[in-house]
Student: 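Quick one: the structure is below, questions incoming.
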Amino acid sequence: MSALSVASVLAGRIPLDEVVTLKGWVRTRRDSKAGFSFLAVSDGSCFDNVQIVAPNTLANYTTEVLQLTTGCAVACTGKLVRSQGKGQAIEMQADAVEVIGWVEHPDTYPVSPKQHTFEYLREVAHLRPRTNTFGAVTRVRHALAMAAHQFFHDNGFFWIHTPIVTASDAEGAGAMFRVSTLDIANLPKTGDGRIDFSKDFFGKPTFLTVSGQLNVETYCLALSKVYTFGPTFRAEQSFTPRHLAEFWMIEPEIAFADLSADADLAEAFLKHLFRSLLDSRQDDMKFFAERIDKDCITRLEKFVESSFERITYTDAVKLLEQSGRKFEFPVKWGLDLQAEHERYITEHIGRPVVVMNYPKDIKAFYMRLNDDEKTVAAMDVLAPGIGEIIGGSQREDRLDVLDQRLDAQHLDKNAYSWYRDLRRYGSVPHAGFGLGFERTIQYATGMANIRDVIPFPRSPGNADF
RNA sequence: UCCCCGGUAGCUCAGUGGUAGAGCGACGGACUGUUAAUCCGUUGGUCGCUGGUUCGAGUCCGGCCCGGGGAGCCA
């Protein structure tokens with residue numbers, strides 16, 4: 001007899017009175033003098049635990065069942081029956097409770113059945129998936145990832161596995177981690193005293209990628225609709241609830257497309273993610289609405305029903321200037337929007353906002369210069385409560401303009417020779433964006449700190465586990 | 001990197017220069033088709049580290065470490 005998941009049992013997919021085995025971890029044990037104990041057992045397959053009724057006629061009742069504590073691993077075999085108690089429809093009348101793994105010294109088990117702060121649980125990141133919250137986050141994270149792949153697959157996109165290690169040190173998205181096998185205590189030097197990277201593993205300086213975009217553009221100009229979905233690294237000294245040193249990013253790229261098509265894609269994509277999540281993880285979303293953020297379900301429902309507001313950067317600046325608000329940072333055409341400005345815009349409009357066409361001087365070299373020659377076809381999607389969730393653009397597809405932009409930002413054209421080649425051989429208008437996957441999970445669940453929506457967060461000073 | 005707040009029992013916290021506390025957890029008992037059960041009891045401390053002020057420091061001062069929030073950077 002093979003073990004079933006708690007999810008399949010609680011969903012009613014197994015006939016009552018059938019004898020089955022369920023394996024999982026004890027959440028709580030409650031003893032009744034009426035001659036049995038209740039075990040709440042979780043296997044992580046769904047939010048709810050299954051209730052196991054273990055009678056005192058079991059051979060190991062006093063020797064083992066009564067010794068069970070939170071965290072013990074058990075295999076329970078018995079008949080599925082309609083529950084006599086409130087709180088669950090189905091439970092198991094156990095014929096056998098086998099202890100697979102004890103918790104040694106229960107007083108030292110870090111995840112006791114009580115409220116813990118998320119800060120504390122980060123210190124026991126190897127055990128926090130056993131809590132309600134982290135189990136729910138994990139299932140939601142999976143559901144969103146699968147929904148992303150499903151959306152792209154259904155729309156004819158191909159998943160491109162862009163490299164993690166890159167020699168391009170100016171991808172323009174922030175500080176990078178160096179990848180090297182050189183002995184840092186004894187660095188090889190060139191004649192003029194500089195580090196001799198020709199002796200390094202790749203024969204040149206290499207780094208962890210800050211974006212798969214430049215690489216994925218090459219596949220876009222061959223397979224038309226592509227995306228990346230993988231880890232990304234930023235060596236910024238960022239200490240905020242929205243930043244990680246290692247995070248996952250989804251970056252679609254579409255050929256024969258302009259910024260407007262890019263915004264259309266962003267909107268359709270995000271709506272699909274959230275619609276799919278609401279559909280597939282009702283149990284976990286109900287938990288988030290009850291315990292974490294009471295508005296999360298209604299926020300997503302509203303999100304999938306309403307259209308994004310689209311405004312230009314220029315109009316956004318006007319909106320801020322006419323707001324009558326006192327901002328800490330100046331509002332002026334040509335200056336980047338600050339967090340407080342973005343917050344005002346999203347709160348004022350009350351739904352996701354796409355801000356388009358930013359001044360060229362505050363944006364990356366690869367963004368397409370607009371006809372006004374002052375702005376580039378860039379967009380940021382701002383979500384209420386979380387800020388920038390997507391950054392994207394139409395790419396500069398004209399070689400001469402791209403070269404001007406590279407020069408203006410003092411970038412080495414030789415380092416971008418393959419990127420420039422794309423503009424020489426069958427160049428087409430194309431566009432794409434980057435979606436921070438963890439920020440998407442935060443937006444969906446209301447989890448306040450990004451370190452709590454990734455299994456093992458990496459941030460400055462913290463690479464434990 | 002800058003600004004603010006914090007670090008006291010396994011966890012969450014109170015403690016106003018004068019004997020180290022509570023709730024939860026764990027453990028023991030009572031009770032109960034129970035639901036983070038309830039009730040009674042027991043257990044539990046390098047007060048982040050370090051130096052100083054003081055008759056006396058968890059409490060005041062300096063330095064350092066760690067955590068949280070805000071800013072910047074961005075996704």
Side-chain angles (χ1 to χ4, degrees), chain A residues 27-40 48-55 66-67 69-71 81-88 91 93 103-124 131-132 171-175 210-213 231-251 266 291 327-329 336-340 342-343 362-364 380-383 386-392 433-443 448-454 459-462 464:
Chain A
R27 286 295 183 79
T28 59
R29 189 194 87 228
R30 296 178 293 275
D31 305 319
S32 169
K33 270 299 180 304
F36 38 81
S37 293
F38 299 100
L39 303 177
D48 289 313
N49 306 317
V50 67
Q51 175 157 284
I52 309 289
V53 183
L66 286 182
Q67 312 301 318
T69 58
T70 302
V81 297
R82 219 171 285 287
S83 178
Q84 297 172 37
K86 293 169 190 148
Q88 61 282 316
E91 66 190 16
Q93 192 67 41
V103 167
E104 54 179 57
H105 310 302
D107 57 324
T108 67
Y109 187 62
V111 188
S112 51
K114 55 159 291 181
Q115 282 274 1
H116 293 289
T117 60
F118 294 143
E119 292 84 356
Y120 166 72
L121 289 171
R122 266 170 233 151
E123 296 169 11
V124 288
T131 63
N132 285 335
E171 292 181 7
V210 293
S211 164
Q213 179 205 316
T232 310
F233 306 86
R234 305 275 168 92
E236 304 285 352
Q237 293 291 318
S238 295
F239 299 89
T240 85
R242 302 179 307 281
H243 288 86
L244 289 167
E246 175 183 275
F247 64 100
W248 286 59
M249 189 153 62
I250 301 173
E251 297 173 287
R291 293 298 184 91
F327 294 108
E328 188 183 344
F329 290 89
D336 208 354
L337 301 178
Q338 302 293 319
E340 58 172 348
E342 295 181 346
R343 198 174 304 123
I362 59 172
K363 289 292 181 182
D380 282 352
V381 179
L382 311 178
I386 194 160
E388 187 181 337
I389 192 171
I390 278 179
F433 62 80
L435 171 71
F437 189 50
E438 284 75 20
R439 289 187 185 172
T440 308
I441 301 169
Q442 285 187 272
Y443 183 76
N449 195 308
I450 198 166
R451 294 165 210 181
D452 299 326
V453 298
I454 189 168
S459 55
N462 186 2
D464 291 340

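Throughout, a chain's letter reflects where its sequence line sits, starting with A, and its residues are numbered from 1.
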Student: Ignoring the backbone of Phe38(A), work out which of rU34(B), rA36(B), rA71(B) is nearest its side chain.
Tutor: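 So the nucleotide nearest the side chain must be rU34(B).
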
Student: Mind checking if Glu91(A) touches a base, just sugar-phosphate, or nothing, with heavy atoms under 4.0 Å?
Tutor: base

Student: Closest-nucleotide mapping onto RNA chain B: is Phe437(A) or Ala448(A) further toward the 5' terminus? I mean the 5' end.
Tutor: Ala448(A)

Student: Hunt down the Watson-Crick or G-U wobble partner of rU42(B), both distances under 3.5 Å, from any strand shown, or write none.
Tutor: rA26(B)

Student: Assign Ile390(A) to base, sugar-phosphate, or nothing according to its heavy-atom contacts below 4.0 angstrom with the strands shown.
Tutor: sugar-phosphate

Student: Check whether Asn462(A) reaches the backbone of Asp464(A) with its side chain - one donor and one acceptor, N or O, closer than 3.5 Å.
Tutor: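 Side chain of Asn462(A) to backbone of Asp464(A): a pair is present.
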
Student: Quantified in whole Å, what is the C1' atom distance between nucleotide rG56(B) and nucleotide rU12(B)?
Tutor: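 Straight-line distance between the two C1' atoms is 31 Å.
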
Student: Would you kindly give the CD-to-C1' distance between Glu104(A) and rC27(B), to the nearest whole Å?
Tutor: 17 Å

Student: Using a cut-off of 4.0 Å on non-hydrogen atoms, how would the nucleic acid contact of Arg343(A) be classed: base, sugar-phosphate, or nothing?
Tutor: sugar-phosphate

Student: Specify the separation, in whole Å, of atom CD of Gln51(A) and atom P of rA37(B).
Tutor: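 Rounded to whole Å, this separation is 11 Å.
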
Student: Paired with rA71(B): which nucleotide, if any, by Watson-Crick or G-U wobble criteria at under 3.5 Å for both distances?
Tutor: rU1(B)

Student: Would one find a side-chain N or O of Arg30(A) under 4.0 angstrom from OP1 or OP2 of rC31(B)?
Tutor: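 False: Arg30(A) side-chain N/O out of range (4.0 Å or more) of rC31(B) OP1/OP2.
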
Student: Mapping Arg451(A) and Ile362(A) onto RNA chain B by nearest heavy atom, which one lands closer to the 5' end?
Tutor: Arg451(A)

Student: What's the gap between rG48(B) and rC55(B) when it is taken at their C1' atoms, as a whole Å value?
Tutor: 27 Å

Student: Separation of Ile450(A) atom CD1 from rC73(B) atom P, in whole Å?
Tutor: 17 Å

Student: Both distances under 3.5 Å, Watson-Crick or G-U wobble: report the partner of rU59(B), or none.
Tutor: none

Student: Ignoring backbone atoms, establish whether Asn449(A) has a side-chain N or O less than 4.0 Å from OP1 or OP2 of rG69(B).
Tutor: yes

Student: Please work out if Thr240(A) contacts a base, only the sugar-phosphate, or nothing of the nucleic acid, heavy-atom cut-off 4.0 Å.
Tutor: base

Student: With C1' as the reference atom in both, quote the distance from rC74(B) to rA37(B) in angstrom, rounded to an integer.
Tutor: 48 Å

Student: I'd like to check Arg234(A) versus Phe247(A) (side-chain heavy atoms, cut-off strictly below 4.5 Å). Are they in contact?
Tutor: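 The answer is yes; the side chains approach within 4.5 Å.
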
Student: Looking across every strand, which nucleic acid part, if any, lies under 4.0 Å from Ala339(A) by heavy atom: base, sugar-phosphate, or nothing?
Tutor: sugar-phosphate

Student: Write down the distance separating the P atoms in rG58(B) and rG21(B), rounded off to the nearest Å.
Tutor: 13 Å

Student: Which one of Gln442(A), Arg122(A), Arg242(A), Glu119(A) satisfies the side-chain contact (heavy atoms from CB on, under 4.5 Å) criterion with Asn449(A)?
Tutor: Arg122(A)

Student: When rounded to the nearest Å, what value does the distance between P atoms of rC3(B) and rU8(B) take?
Tutor: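 Per the computed distance, 24 Å lies between those P atoms.
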
Student: Sort out the partner of rA9(B) for me: Watson-Crick or G-U wobble, both distances under 3.5 Å, none otherwise.
Tutor: none

Student: Test side chain to side chain contact (heavy atoms under 4.5 Å, CB included) on Glu438(A) and Leu244(A) and set out the steps.
Tutor: CA-CA 9 Å; Glu438(A) 284 75 20; Leu244(A) 289 167; 4.0 Å; yes

Student: Report the distance from atom CG of Leu337(A) to atom C1' of rC73(B), rounded to the nearest whole Å.
Tutor: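 Those two atoms, CG and C1', are 15 Å apart.
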
Student: Taking only residues two or more places apart in sequence, or in another chain, which ones meet Arg27(A) in a salt bridge (Lys or Arg N to Asp or Glu O under 4.0 Å)?
Tutor: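 Arg27(A): no salt bridge (Lys or Arg N to Asp or Glu O under 4.0 Å) contacts found.
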
Student: Which base, if any, makes a Watson-Crick or G-U wobble pair with rG17(B), both distances under 3.5 Å?
Tutor: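 Partner of rG17(B): none found under 3.5 Å.
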
Student: Out of rG72(B), rG33(B), rG70(B), which has the shortest distance to the side chain of Pro241(A)?
Tutor: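 When the side chain of Pro241(A) is considered, rG70(B) is the closest of rG72(B), rG33(B), rG70(B).
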
Student: Can you measure Asp31(A) atom CG to rU35(B) atom C1' for me and round it to whole angstrom units?
Tutor: 13 Å

Student: Let me have a per-nucleotide readout for nucleotides 2-15 of chain B, 5' to 3', with B, S or -, counting only protein heavy atoms under 4.0 Å.
Tutor: --------BBS---

Student: Whole angstrom is fine here: how far is it from NZ in Lys363(A) over to P in rC73(B)?
Tutor: 10 Å

Student: Looking for any heavy atom pair under 4.0 Å, which part of the strands does Gln338(A) touch: base, sugar-phosphate only, or nothing?
Tutor: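 Sugar-phosphate only.
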
Student: What's the gap between rC13(B) and rG70(B) when it is taken at their C1' atoms, as a whole Å value?
Tutor: 24 Å

Student: Looking at every non-hydrogen atom in both residues, tell me the closest pair between Met249(A) and Ser211(A) and how far apart they are.
Tutor: CE-CA, 4.0 Å

Student: Under the ring-ring contact (aromatic ring centres under 6.0 Å, His included) test, which residues partner Tyr109(A), sequence neighbours left out?
Tutor: none

Student: Quick check: do Thr232(A) and Gln213(A) have side-chain heavy atoms less than 4.5 Å from each other?
Tutor: no

Student: Donor-acceptor check, side chain of Ser238(A) to backbone of Thr240(A), threshold 3.5 angstrom: yes or no?
Tutor: no

Student: Starting from P on rA71(B), measure out to NE2 on His243(A) and report it in whole angstrom.
Tutor: 10 Å

Student: Where do Val210(A) and Ala175(A) come nearest, in terms of heavy atoms and distance?
Tutor: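 The answer is CG1-O, 4.0 Å.
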
Student: Which listed nucleotide (rU32(B), rU34(B), rA71(B)) is nearest to the side chain of Ser83(A)?
Tutor: rU34(B)

Student: Please state whether the base of rU34(B) and the side chain of Gln84(A) form at least one donor-acceptor pair under 3.5 Å?
Tutor: no

Student: Does the side chain of Ser32(A) get closer than 4.0 angstrom to OP1 or OP2 of rC31(B) through an N or O atom?
Tutor: no

Student: For rG68(B) and Arg122(A) - does any side-chain N or O of the residue sit under 4.0 Å from the phosphate oxygens OP1/OP2?
Tutor: yes

Student: Between rG52(B) and rU59(B), how many Å separate the two C1' atoms, rounded to a whole number?
Tutor: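 Roughly 15 Å separates the two C1' atoms.
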
Student: Which whole-number value in Å describes the distance from Leu39(A) CG to rG33(B) P?
Tutor: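 Atom CG in Leu39(A) sits about 17 Å away from atom P in rG33(B).
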
